[in-house]
Number of protein chains: 2
Amino acid sequence: MANIIKYPRPMVTVDIVIFSIQNDNLKVLLIKRNIQPYKGSWALPGGFVHIEEDLDSAAKRELEEETGVKDIYLEQLYTFGDTKRDPRGRVITVAYFALIKSEDQKLDPKTDVSDADWFLAYKPLKLAFDHSKILDYALKRLQWKLEYTTVAFQFLPKKFTLTQLQKIYEIILNKTFDKRNFRKKIISLEVLEETGDITKGVSHRPAKLFQCKTKIGEILELI
Amino acid sequence: MANIIKYPRPMVTVDIVIFSIQNDNLKVLLIKRNIQPYKGSWALPGGFVHIEEDLDSAAKRELEEETGVKDIYLEQLYTFGDTKRDPRGRVITVAYFALIKSEDQKLDPKTDVSDADWFLAYKPLKLAFDHSKILDYALKRLQWKLEYTTVAFQFLPKKFTLTQLQKIYEIILNKTFDKRNFRKKIISLEVLEETGDITKGVSHRPAKLFQCKTKIGEILELI
DNA sequence: CCATGATAGTGTATTAAGTACAGGAATTTA
DNA sequence: TAAATTCCTGTACTTAATACACTATCATGG
């Protein structure tokens, strides 16, 4: 390990794949670039890591800048560092993925880019840089997380019904589940508890509202 | 996204957690630092990412420089980027982990550092920088991989016995398995095939030699 | 050449988990 | 009070996981 100063340094960014469920669809937040390169293209929100800023902090900051939301589920996804991924030069990006609750949807991104919008995550899109690849990777990770962890709660408000939860699974994994088996499975995980509350103002039998037993995070971070 | 040139740039390194099984122990390859900081401390092998070099290539290059082995299992682990992780300044490191075959053990690292050696991976060690944290992370990932993928073959030569394979699992997961159930499970995965060969020169009943059916990699990369 | 030592190799019964499947209960509205 | 709507639950069947013990094959040494 020779003198470290002599190496030309790459630029480092964070990009964030922000998922949400809206109108029974999995959506991803994209921004429209108003500068070159890829001016006019849609891209993942993100930006440069400040020199005095931890990576996670950078991701949190960018997320809050782009969407106004904080204190949500955010995890590092993968680092993409091919030499030719950015025409401006060597840019290594640490990708994160974030899940935001349906109730936070309205919070329109207040960002300095020209436009921002939610897109169907499963509809193939031409994105700037290698962002399509990053999105694909995030979708795989999301599906995997859903099958092997309890990350789905992140999409829902504090209190939710089992039918709402099942819907999340069905949307993301793109298949249906038998209601009885789904409930049996979820209950057997012993991560939920009844709140005693029920849904109000529905013109049918009201549903029980559940909530997560434990602080979210511990079960999820392991892999 | 303002003018990119104005940002001070961090340094970017790759560090590699190289595991191997030796004498029925899980070992990790460490190098002894002969420059400041942490002069005299043991650390993970690694080095700076060249400006015209993909991340994966950098990891492969460092691995080959340190151990002489190539064409082995190598995967990105996690990116560690806390501001204070390196006293020399802002250094973001992309950690990889690699599994090398027992038969390649002898290949002593021919590196430009003062010393290199294999250490018991499960024995807590004080390492330079945040390398203990990286090692812990790699151990978790390795254990997880073993349970949910077929990565264990990476530690073994092309042809191997089921007992050898079981031993790998027992060493890494630190528990024993019932021989019959283990074999039943492995066979049911349908990833192995008999070679027709058997072990030679053993003073007991010879064992059948198996090999992986498919090119390694596809099953493993998904998560 | 036969007895010993050492590891290889195999099967069955039990338990737990996953899957398939249908009808009654609670509420609002007309 | 009947209709519409969604909530809620249990049982039989299949598949996977676990617990457990003996015979087979080879090299070696007397």
Side-chain angles (χ1 to χ4, degrees), chain A residues 21 23-24 102 143-144 146-150 152-153 156-157 159-211 219, chain B residues 21 23-24 102 143-144 146-150 152-153 155-211 219:
Chain A
I21 305 272
N23 306 120
D24 291 347
S102 309
Q143 291 183 335
W144 183 89
L146 219 62
E147 299 216 55
Y148 295 101
T149 76
T150 55
F153 306 135
L156 292 170
K159 299 180 179 185
F160 51 86
T161 68
L162 294 181
T163 301
Q164 283 179 296
L165 186 63
Q166 183 174 342
K167 195 96 194 184
I168 301 287
Y169 275 81
E170 292 182 336
I171 291 166
I172 295 173
L173 299 177
N174 196 32
K175 60 180 174 182
T176 57
F177 294 91
D178 177 81
K179 182 182 270 200
R180 287 157 295 185
N181 293 339
F182 180 83
R183 290 157 112 91
K184 202 192 302 176
K185 174 73 178 166
I186 294 293
I187 297 302
S188 77
L189 297 175
E190 296 186 326
V191 292
L192 292 190
E193 60 190 4
E194 295 190 19
T195 61
D197 298 345
I198 54 171
T199 51
K200 300 278 184 188
V202 287
S203 76
H204 53 77
R205 177 173 176 175
K208 289 180 187 169
L209 288 166
F210 289 79
Q211 65 189 5
I219 330 164
Chain B
I21 306 270
N23 305 120
D24 291 347
S102 310
Q143 291 184 335
W144 184 88
L146 218 62
E147 299 217 56
Y148 296 102
T149 75
T150 55
F153 305 135
F155 286 110
L156 292 170
K158 203 166 172 181
K159 298 179 179 187
F160 51 86
T161 70
L162 294 180
T163 301
Q164 283 178 297
L165 186 62
Q166 182 174 344
K167 196 97 194 183
I168 301 287
Y169 276 81
E170 293 182 335
I171 290 166
I172 294 174
L173 300 177
N174 196 32
K175 59 180 175 183
T176 58
F177 295 91
D178 177 82
K179 182 187 271 200
R180 288 158 292 186
N181 293 339
F182 180 83
R183 290 157 111 90
K184 200 192 304 176
K185 172 77 180 166
I186 295 293
I187 297 301
S188 76
L189 295 176
E190 297 186 324
V191 292
L192 292 191
E193 58 190 6
E194 295 190 19
T195 62
D197 298 346
I198 54 171
T199 52
K200 301 276 182 190
V202 287
S203 76
H204 52 77
R205 176 172 178 176
K208 289 180 187 168
L209 288 165
F210 289 80
Q211 65 188 5
I219 330 163

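In what follows, every chain begins at residue 1, and chains take the letters A, B, ... in the order their sequences are listed. Just so you know, these numbers come straight off a predicted model, no measurement behind them.
Between A:Leu162 atom CG and D:dT6 atom C1' there is a gap of 13 Å when expressed in whole angstrom units. The distance between atom CG of B:Asp178 and atom C1' of D:dA21, rounded to the nearest whole Å, is 10 Å. Across the protein-nucleic acid pair, A:Ile187 atom CD1 and D:dT9 atom P stand 8 Å apart, rounded to whole Å. The distance between atom CZ of A:Arg180 and atom P of D:dT6, rounded to the nearest whole Å, is 17 Å. Taking atom CZ on B:Arg183 and atom C1' on D:dA24, their separation rounds to 13 Å, with Å as the unit. Rounded to whole Å, the distance from CZ on B:Phe182 to P on D:dT18 is 13 Å. Between the P atom of D:dC7 and the CZ atom of A:Phe210 lies a distance of 12 Å, rounded to the nearest Å. For B:Lys179 and D:dC22, the NZ to C1' distance is 12 Å, given to the nearest whole Å.
In this structure a side-chain-to-backbone donor-acceptor pair under 3.5 Å is missing from A:Glu194 to A:Lys208.
Once rounded to the nearest 0.5 Å, the distance linking CG of A:Leu192 with CZ of A:Phe160 reads 4.5 Å. Rounded to the nearest 0.5 Å, atoms CG (A:Asp197) and CD (A:Gln211) are 8.5 Å apart. Remark: A:Thr149 OG1 to A:Trp144 CH2 distance equals 6.5 Å, nearest 0.5 Å. With rounding to the nearest 0.5 Å, the separation of CD1 in A:Ile168 from CD1 in A:Ile21 is 4.0 Å.
Proximity of A:Leu209 to A:Ile198: side-chain heavy atoms (C-beta onward) are nowhere separated by under 4.5 Å. Looking only at side-chain heavy atoms (C-beta outward), A:Leu162 and A:Gln166 stay at 4.5 Å or farther from each other.
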Evaluation steps, side-chain contact (heavy atoms from CB on, under 4.5 Å), between A:Lys167 and A:Thr163
CA-CA 6 Å; A:Lys167 195 96 194 184; A:Thr163 301; 5.7 Å; no
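Within the nucleic acid shown, B:Lys184 comes within 4.0 Å of at least one base atom, counting heavy atoms only. Backbone-only contact: B:Thr163 has heavy atoms under 4.0 Å from sugar-phosphate atoms and none from a base. Residue B:Lys185 is in sugar-phosphate contact alone, with no base atom involved, counting any heavy-atom pair closer than 4.0 Å across all strands shown.
Running 5' to 3' along DNA chain C, contacts with non-hydrogen atoms of chain A at under 4.0 Å begin and end at C:dG18 to C:dT28.
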Table of protein N/O atoms under 3.5 Å from nucleotides 25-28 of chain D N/O atoms:
from, atom 1, to, atom 2, distance (Å)
D:dT25, O2, B:Arg205, N, 2.8
D:dC26, O2, B:His204, N, 3.4

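Between B:Asn181 and B:Thr199, the residue whose closest nucleotide on DNA chain C is further toward the 5' end is B:Thr199.
Here A:Lys185 pairs with nothing under the side-chain hydrogen bond (donor to acceptor under 3.5 Å, both in side chains) rule; sequence neighbours left out.
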